[in-house]
Amino acid sequence: MSDRGHPAASDAYPEKQERRPSAVEKALLRLAYLPQRALLRAPSPSKFAGIGKPAAGTADPSQWQQLRYDLRRHGLRDDLVRRVLRLLAQLAGSRTGRMPSRNQLAAAWLLLHGRRCVELADIDSWPLVAALAAATAALAGIPVHVIVTNGHVARRDAEAMRPLAESVGLSIGIVDDNMQDADRRAAYSADIAYCVYRTVALDYLRDRMVLKGRPRALRLRTEALTSHNPRTQHLMLRGLQFAIACEAETILVDGAQWPVSITAQASSSQEASWLGEALQLARALAEDGDYHQGDNGNVLLTDSGCARLAAAAKQMAGHWQGTKRREDIVRLALVAERVLIRDKHYTVAGEALQVGDEILRLHAPEQGAGRMLKILLELKESCTVTGTREVLARIGYQRFFRRYLRSGALVVNARGLGVELWSTYGLRIVRLAAAVPRLHVRLPDRTFASQAETMADACARVSELRGHGIPVLIVTRTPQASLAWAEAFKAAGIEHARLTGTQSDEEVAAWSEAGAAGKVTVAPYFAARGVRVRSVREIEKTGGLRVIVVQLLPSSRHLQSVMERAIPAGVPGSIQRILSLDDELLAAYIPGWWRKRHSPLRSLMLRVCQWRGTREASQARDDLLRVEDYLGDVLAFSGSQL
């Protein structure tokens, strides 16, 4: 198959040259998803003849050398791939103690096929599936990047699969953010490199800045022979040849809303000065007279407030004379001063302010407004002001991932993502049936008018569950909310553990104990990425782990992702949402008359809110792609734009 042939070796830095489709082609591409979805829906592993049954014995070193030679000569040919996967399956059973199932072998086959996003609910099998596909491609001489969400997952999966790779003569590298350039370069030079998605994109940007465009391979080879300091010695990657993205919903969707960029520190004194003036103007305005605060947290200036600002601006510098600019920045200052509350929306640690990107996007959705809002909060709390940054190079993650010559992905649940993955990345979703059924129970939602009522009910329910020895996982949307709930449990005398998503060794150990009898754990939803809650058989008789979501999550698939990680397949558990109707996400998308406790169709209201939030996030990703296309049109490549 052409998709799986050996990549051309003529390019010194292999990568796919992008061809940007027109608007009509994009529309047709989305329409083309419907027939291909019907064709690729839920195939049976038995269709992959010959790879479902492991080989009777493992190959000796001479056989592996012959297989390596054949793969490098003929590429990823079907018969060769089938044979290698069967041998690797037998070897995996003896080296890692994990014998792959037919489903897992089928998933590895699909990843090697290229341009497939495999929906595989068994998360614990992902490291083995990725290793089988990566090892087969690496034996063919193709450098492989196994792309994961964080450094802990990269280290865990790489160390678990190292015995399998080394037994067939392959090397494994682990790319960490804290590594020196020489160590990262050595890790990328391995046959299989486990790396974090943002890190590999940044290293690609550094390579493009070193290459200063797309020089021909002959020129680079000549430079290597004649120059004392050739550019090839400073490159991190060996090109973009084969990528396997584990957890596609996080890497290719959630993580793709903001561009990856390399910046340099610039002076912020002038900007901080006039933002400080905006805070002073905001503090002089009176609520209900000069401005009104809406239900969704937005601030609207009255005619009186606009007149007061105009009068004050007459005595100020010229940049305050523009009416719209003046009113927009003062509205933003009012949000920082009157709407956002310390320890609820943001925290202060020493002289550093910590605020989630979600809070900034919610209250300052315009381009660049989030950064100004953060500086306003830093000035408000007398924290160290974050300097402005000069962009040296940038690229959207959508464009970066599409530059791999071949790619594949693994996903827990691709519901609602099919069209986007197909039209943006060319990935076709293939669903593999779960080998073990899910036993979790979805309990009815409970809603309350205020956050205080929600906390009181949840604390009472958690105390009751602990009395029966049932472990509880409290899931929030933001780290600030996790801190607030931890304080509420402390005040109620409920012993608990609070996790933040740092993926440290201590936090990973705490996650493994979250299923212990009577254990209470508080964490934001994204902290569960890449970790597993250990199943405790003693608590299964009481119904297993109870997951309580106390903040509406941005998307329904985030809730599904939490369930897949917290309640393993074949293990009982339950999940329930206890929500406050004054939640900021609800206030942003739902009118006030509907956010009443006794309003009809509350379940529909929650679905509408998540649908609108999901649509807005998708629109942000589309806007980013359009901006990248615009920059590509108006700017020639100079190392600063990609």
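Along the sequence shown, residues are numbered consecutively beginning with 1.
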Partner set under salt bridge (Lys or Arg N to Asp or Glu O under 4.0 Å) for [X], not counting sequence neighbours:
{"X": "Asp122", "value": "none"}
{"X": "Asp176", "value": "Arg155"}
{"X": "Glu453", "value": "Arg597"}
{"X": "Glu166", "value": "Arg162"}

Parallel, tilted or perpendicular: ring planes of Tyr525 versus His558, cut at 30 and 60 degrees: tilted
Residues Leu624, Trp258; criterion side chain to side chain contact (heavy atoms under 4.5 Å, CB included); working and verdict: CA-CA 7 Å; Leu624 177 59; Trp258 302 98; 5.7 Å; no
Quick one: does [X]'s side chain get under 4.5 Å of [Y]'s, heavy atoms only?
{"X": "Asp124", "Y": "Trp126", "result": "no"}
{"X": "Ile147", "Y": "Ile251", "result": "yes"}
{"X": "Phe489", "Y": "Cys459", "result": "yes"}
{"X": "Gln451", "Y": "Asp582", "result": "yes"}
{"X": "Leu443", "Y": "Arg546", "result": "yes"}
{"X": "Leu340", "Y": "Ile359", "result": "yes"}
{"X": "Val196", "Y": "Val175", "result": "no"}
{"X": "Arg116", "Y": "Leu427", "result": "no"}

Salt-bridge present (Arg446, Asp457; N to O < 4.0 Å): yes
Charged N-O contact under 4.0 Å between Arg557 and Asp254: yes
Sidechain-backbone polar pair: [X] side chain, [Y] backbone, donor-acceptor under 3.5 Å:
{"X": "Gln610", "Y": "Pro554", "value": "no"}
{"X": "Tyr194", "Y": "Gly173", "value": "no"}
{"X": "Arg95", "Y": "Met161", "value": "no"}
{"X": "Arg428", "Y": "Val118", "value": "no"}

Derivation and outcome, side chain to side chain contact (heavy atoms under 4.5 Å, CB included), residues Ile192 and Val146: CA-CA 7 Å; Ile192 304 172; Val146 179; 3.9 Å; yes
Non-neighbouring partners of Arg577 that pass side-chain hydrogen bond (donor to acceptor under 3.5 Å, both in side chains), sequence neighbours left out: Asp445
Under the side-chain hydrogen bond (donor to acceptor under 3.5 Å, both in side chains) test, residues paired with Glu420 that sit two or more places apart: Arg621
Inter- and intrachain pairs under side-chain hydrogen bond (donor to acceptor under 3.5 Å, both in side chains), touching residues 475-496, at least two apart: Glu358-Arg477, Thr476-Ser482, Arg477-Asp583
Residues that Phe242 engages under ring-ring contact (aromatic ring centres under 6.0 Å, His included), provided they are two or more places apart: none
By ring-ring contact (aromatic ring centres under 6.0 Å, His included) - contacts of Phe448 (at least two apart): none
Between [X] and [Y], what is the shortest heavy-atom contact and its length?
{"X": "Ser580", "Y": "Ser450", "answer": "OG-C, 3.1 Å"}
{"X": "Ala514", "Y": "Leu545", "answer": "O-CD1, 3.8 Å"}
{"X": "Ile429", "Y": "Gly418", "answer": "CD1-CA, 3.3 Å"}
{"X": "Gln257", "Y": "Ala617", "answer": "OE1-CB, 3.1 Å"}
{"X": "Arg498", "Y": "Pro479", "answer": "NH1-O, 4.3 Å"}
{"X": "Leu91", "Y": "Ser167", "answer": "CD2-OG, 3.0 Å"}

Going from [atom1] on [X] to [atom2] on [Y], what distance comes out if it is rounded to the nearest 0.5 angstrom?
{"X": "His152", "Y": "Trp511", "atom1": "NE2", "atom2": "CH2", "answer": "11.5 Å"}
{"X": "Ile548", "Y": "Arg461", "atom1": "CD1", "atom2": "CZ", "answer": "7.0 Å"}
{"X": "Tyr425", "Y": "Tyr404", "atom1": "OH", "atom2": "OH", "answer": "12.5 Å"}
{"X": "Ile590", "Y": "Cys609", "atom1": "CD1", "atom2": "SG", "answer": "5.0 Å"}
{"X": "Thr500", "Y": "Phe526", "atom1": "OG1", "atom2": "CZ", "answer": "8.0 Å"}
{"X": "Ile244", "Y": "Arg406", "atom1": "CD1", "atom2": "CZ", "answer": "11.0 Å"}

Once side-chain contact (heavy atoms from CB on, under 4.5 Å) is applied, do any residues pair with [X], and if so which ones, sequence neighbours excluded?
{"X": "Ser603", "answer": "Arg607"}
{"X": "Ala165", "answer": "Leu170, Ile172"}
{"X": "Ala193", "answer": "His145, Tyr188"}

Gln104 and Trp109: CA distance, side-chain angles, deciding distance, side chain to side chain contact (heavy atoms under 4.5 Å, CB included) verdict: CA-CA 9 Å; Gln104 294 163 14; Trp109 173 280; over 6 Å; no
Leu581 vs Lys596, side chain to side chain contact (heavy atoms under 4.5 Å, CB included): CA-CA, chis, key distance, verdict: CA-CA 7 Å; Leu581 294 177; Lys596 304 296 182 183; 5.5 Å; no
Thr347 versus Arg342, side-chain donor and acceptor atoms under 3.5 Å: no
From CA spacing to verdict: side chain to side chain donor-acceptor pair (under 3.5 Å), Ser561, Glu564: CA-CA 5 Å; Ser561 179; Glu564 299 286 353; over 6 Å; no
